[in-house]
Amino acid sequence: MSMTGPVRTRYAPSPTGDPHIGNIRSALFSWAFARAQGGQFILRIEDTDRNRLVETSVEAIMESLRWLGIDWDEGPDVGGPHAPYFQSERLPLYQKMAQTLIDEGKAYRCFCTAERLDLMRAAQAAAKKPPGYDGLCRALPHAAAEARAASERFVVRFAMKREGATTLHDLVRGDVVFENALQDDFVMLKSDGYPTYHLGVVVDDTDMEITHAIRGDEWISSAPKHIQLYEALGWDPPQWAHLPLILGPDHKKLSKRSGDTAVLDYRAKGYLPEALCSFLALLGWSLDASTSVVTREELAEKFSLERVVPNPAVFDIERLDFLNGHYIRAMSEDGWVDTIATWADAGLPPHIPRPIDRGILSAAAPLLRERITRLDEIAPSIEFLFGFEAPEYLPELLTEKIGGGHEHATQVLDAALLALDSLGGDGWDVEAIKAAVFGLEPLLGAKPRKFVPVLYVAIMAKPAGIPLFESMAILGRERTLQRLRTARAKAG
RNA sequence: GGCGCGUUCGUCUAGUGGCCCAGGACGCCGCCCUUUCAAGGCGGAGAUCAUCGGUUCGAAUCCGAUACGCGCUACCA
């Protein structure tokens, strides 16, 4: 194959739901490869299964890609020289190819019913024979098939060569050899006139001048079908690269059973696209011996198929969490405040007035940054800053962390109340509050860590959270003292 | 069952005959810091390189067998 043109890769999902994390990783690698090679990346929708079609999928697919920062040069929305990019709008193309193959005797109409096929497979299973179409209709005379086609439903099967072997030259795995004797005549055109995946990819990858077909490893078994189709059509195949599967915690192909698989679910849970991108990039690929975080830009510049490993990878959510925290801490000051504003608005209870007080958000921003791993933790962490009283909590919580009974809590609260109350309204700042609380140490005869947690609960209804003194400063003197009094009352 | 692929710390990986009694990262443990929780810094444990047998002066790296795992086996992609 003369490969003088630019590298062209594609992502060709079927619109059967929200894009899967494993699928999107294939998209990411395909995109990165194209970009690194200075080539083009194409988005094509393989909507040939009318039964499983989900209307909203196409938008979800594009939204997932956009969110991750994967851009495409040609596709359903932007068009391009090979439009249309929906397979459902390219039916005549596939039908023409099917007809050509029938005319050349390389494919044939099959009239077998689903019932007969079921029976056949059951018999094969019972006889412990390998399953596969038995070729009944392959033996039908051309004229007879032609005649029946006028009144009967039929599919078009490809007549696979059964002698010898077919070799796939895979960019990730090297040569993979398949015995042709084990192949069977697969359906390439369904009875509804739509192509199956096998015909669809071959026709479209050729028409769209795809040079490198990068896809998941689950496709490697059907590679001989594609190779033989290319041969029959007299076309040059693209180069193939089969990516290792992404496994769930159960070490099985990642599926809904093993947790969230939809890319958009990760956005909803507060993962940053940069984090997911870096995470996915390093799942099956590496830049070098020591890089553990990679930016999208680096990927687009340095990705190579040579460094894709052949073995499957387990999806480790803890690593994703780490990367997310990493990227949160790397955000710009303004970007972080904006992010907090967005997530606070979405997550805070409706009774808190909108727009959310920007002053409070800005004050809380630096406190939040070091302790958040997912963005959906933002609202629960700062909710206490917006009411007069602290959220509800059980009195036992006051001393949960430090042991001791109610007397201890009351002692701490009384002392804190006294010390903080003596701070005037104009002396109410972090330093003064800090000094006042630390001043309790000799009085209480205990280290701060043995009494400060009581104050945390009084202020934020939790024994841990964003820094206490800053929180008190944000809340102001009046609300702080009120919360301490409420806690004092609860403690008895 | 058949065919295919895979097998380096719990996880993601580096490694293509000597630099490896195996390096990095996440997680874990400890210490430091410290107003909680984190973050950060420092240190540690953690892999007989699936097993067995070859080739070689020398193997995680090459060859073979075995085991285990996974994928595919539709008028789904």
Side-chain angles (χ1 to χ4, degrees), chain A residues 12-16 23 46-49 51-52 110 112 114 117-118 121 124-125 127-133 153-157 168 170 172-173 176-179 182-184 186-192 194-198 200-201 215-224 242 244-245 247 249 251-253 279 282-293 307 309-323 325 329 367-373 381 401-402 433-434 437-438 447-449 451-453 455-457 460 462-471:
Chain A
S14 65
T16 53
N23 261 315
E46 306 210 330
D47 56 345
T48 56
D49 185 342
N51 300 320
R52 295 202 307 156
C110 172
C112 292
L117 261 16
D118 285 344
R121 276 189 277 265
Q124 286 165 341
K128 297 210 191 289
K129 301 257 268 290
Y133 183 60
R153 278 178 80 81
F154 63 87
V155 300
V156 177
R157 285 183 188 274
L168 162 70
D170 190 84
V172 172
R173 286 153 219 283
V176 182
V177 181
F178 300 88
E179 290 296 326
L182 272 5
Q183 299 292 328
D184 75 333
F186 63 92
V187 173
M188 52 187 254
L189 198 69
K190 300 185 257 187
S191 59
D192 62 5
Y194 281 68
T196 58
Y197 171 81
H198 309 302
V201 259
R215 62 189 1 175
D217 193 38
E218 68 265 33
W219 290 110
I220 203 163
S221 311
S222 43
H242 288 91
L245 258 20
L247 271 25
H251 286 223
K252 294 223 183 356
K253 188 167 141 184
F279 175 75
L282 266 6
L283 219 50
W285 176 79
S286 64
L287 177 60
D288 53 39
S290 59
T291 302
S292 52
V293 179
R307 292 194 65 88
V309 295
N311 45 301
V314 174
F315 185 99
D316 179 16
I317 194 83
E318 289 187 321
R319 180 183 207 74
L320 212 207
D321 285 339
F322 159 77
L323 287 166
R329 277 166 249 127
L367 311 177
L368 226 34
R369 188 174 209 135
E370 312 291 288
R371 37 215 117 212
I372 294 294
T373 60
S381 301
K401 228 173 147 178
I402 54 172
I433 295 167
K434 183 177 175 181
V437 173
F438 280 168
K447 289 286 184 189
R449 61 186 331 107
F451 63 84
V452 166
L455 305 179
Y456 266 90
V457 176
M460 52 190 82
K462 285 180 291 189
I466 62 176
L468 182 66
F469 308 142
E470 284 83 348
S471 296

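- Minimum atom distance to the side chain of K253(A) is reached by C72(B), of the listed C37(B), U35(B), C72(B).
- Side-chain nitrogen and oxygen atoms of R369(A) include none within less than 4.0 Å of the OP1 or OP2 phosphate oxygen of A39(B).
- No side-chain donor from either of D217(A) and H242(A) sits under 3.5 Å from a side-chain acceptor of the other.
- Here K190(A) does not reach the OP1 or OP2 of A74(B): none of its side-chain N or O atoms lies under 4.0 Å away.
- Nucleic acid contact for L182(A): sugar-phosphate only, since backbone atoms but no base atoms lie under 4.0 Å from a heavy atom of the residue.
- One can place CG of D288(A) at 11 Å from C1' of U13(B), the figure rounded to the nearest angstrom.
- Considering only heavy atoms from C-beta on, I220(A) comes within 4.5 Å of V176(A) through its side chain.
- Within 4.0 Å (heavy atoms only), R157(A) reaches sugar-phosphate atoms of the nucleic acid but no base atom.
- The side chain of T196(A) places no N or O atom within less than 4.0 Å of a non-bridging phosphate oxygen (OP1 or OP2) of A77(B).
- Note on K129(A): nothing from the nucleic acid sits closer than 4.0 angstrom, heavy atoms only.
- As rounded to whole Å, 8 Å separates atom C1' of C3(B) from atom CZ of F178(A).
- Residue S221(A) is in base contact, counting any heavy-atom pair closer than 4.0 Å across all strands shown.
- Rounded to a whole angstrom, the distance from the C1' atom of G69(B) to that of A74(B) is 25 Å.
- At a threshold of 4.0 angstrom between heavy atoms, the contacts of P312(A) are confined to the sugar-phosphate backbone, with no base atom among them.
- One atom, OH of Y456(A), and another, P of U35(B), lie 10 Å apart when rounded to the nearest Å.
- Nearest-nucleotide assignment on RNA chain B puts the 5′-proximal partner with F315(A), out of S286(A) and F315(A).
- In this model, the phosphate group of C70(B) is approached by a side-chain N or O of K252(A) to a distance below 4.0 Å at OP1 or OP2.
- Residue P224(A) is out of contact with every strand shown, counting any heavy-atom pair closer than 4.0 Å.
- Comparing U61(B) with G4(B), their C1' atoms are spaced 24 Å from each other, to the whole Å.
- When the P atom is compared between C49(B) and A60(B), the two are found 7 Å apart, to the nearest whole Å.
- Using atom C1' as the reference point in both U34(B) and G41(B), the two lie 13 Å apart (nearest Å).
- Atom CH2 in W285(A) sits about 18 Å away from atom P in A25(B), given to the nearest Å.
- Taking atom C1' in both C70(B) and G54(B), one finds a spacing of 28 Å when rounded to whole Å.
- Once rounded to the nearest 0.5 Å, the distance linking NZ of K462(A) with NZ of K401(A) reads 12.0 Å.
- In summary, the aromatic rings of F438(A) and F469(A) are positioned with their centroids under 6.0 Å apart.
- Applying the 4.0 Å criterion to OP1 and OP2 of U35(B), one finds that K447(A) has every side-chain N and O outside that range.
- Both S290(A) and D316(A) lie near RNA chain B, and the one whose nearest nucleotide falls closer to the 5' end is D316(A).
- Using a 4.0 Å heavy-atom cutoff across all strands shown, S222(A) reaches no nucleic acid atom at all.
- U34(B) makes up no base pair with any nucleotide shown, lacking Watson-Crick or G-U wobble contacts both under 3.5 Å.
- Using a 4.0 Å heavy-atom distance criterion, E470(A) is classed as a base contact.
- For the pair E318(A) CD and U13(B) P, the interatomic distance rounds to 16 Å; values are reported in whole Å.
- Closest to the side chain of R449(A), from the set C12(B), G6(B), U34(B), is U34(B).
- Here A77(B) presents its P atom at 7 Å from CZ of R52(A), a figure rounded to the nearest Å.
- Within 3.5 Å, a donor on the side chain of S191(A) pairs with an acceptor on the base of C75(B), or the reverse.
- In this structure, T291(A) contributes its side chain and D288(A) its backbone to no donor-acceptor pair below 3.5 Å.
- Taking only distance into account, the side chain of R121(A) never meets the base of A74(B) through a donor-acceptor pair shorter than 3.5 Å.
- Straight-line distance from the CD atom of E370(A) to the P atom of C33(B): 19 Å, rounded to whole Å.
- The gap from the C1' atom of C68(B) to that of C32(B) amounts to 45 Å, rounded to the nearest Å.
- Nucleic acid contact class of G284(A) (heavy atoms, under 4.0 Å, all strands): sugar-phosphate only.
- Atom-to-atom distance recorded for D321(A):CG and D316(A):CG is 9.0 Å, nearest 0.5 angstrom.
- Residue Y197(A) is classed as a base contact, given a heavy-atom separation below 4.0 Å to a base.
- One P atom belongs to A45(B), the other to U66(B), and the distance between them is 39 Å to the nearest Å.
- Looking at R319(A), its side chain has no donor and acceptor atom pair within 3.5 Å of the base of U13(B).
- Using the Watson-Crick or G-U wobble rule with both distances under 3.5 Å, C5(B) pairs with G69(B).
- In this structure, P453(A) reaches neither bases nor backbone, as no heavy-atom distance under 4.0 Å exists between it and the strands shown.
- With rounding to whole Å, K462(A) atom NZ is found 13 Å from A38(B) atom C1'.
- Pair check for C52(B) finds G64(B); Watson-Crick or G-U wobble, both atom distances under 3.5 Å.
- Between L168(A) and P224(A), the closest side-chain pair of non-hydrogen atoms is not below 4.5 Å.
- Relative to the six-membered ring of F279(A), R319(A) misses at least one condition, a distance below 6.0 Å or an angle of at most 45° to the axis.
- Nucleic acid contact for R173(A): sugar-phosphate only, since backbone atoms but no base atoms lie under 4.0 Å from a heavy atom of the residue.
- Base engagement by V155(A) is indicated by at least one non-hydrogen atom pair under 4.0 Å involving a base atom.
- Distance CG/L287(A) to CG/L282(A): 8.0 Å, rounded to 0.5 Å.
- At G15(B), one or more side-chain N or O atoms of R307(A) fall inside 4.0 Å of OP1 or OP2 (strictly under the cut-off).
- Within the 4.0 angstrom heavy-atom criterion, no nucleotide atom of any strand lies near V293(A).
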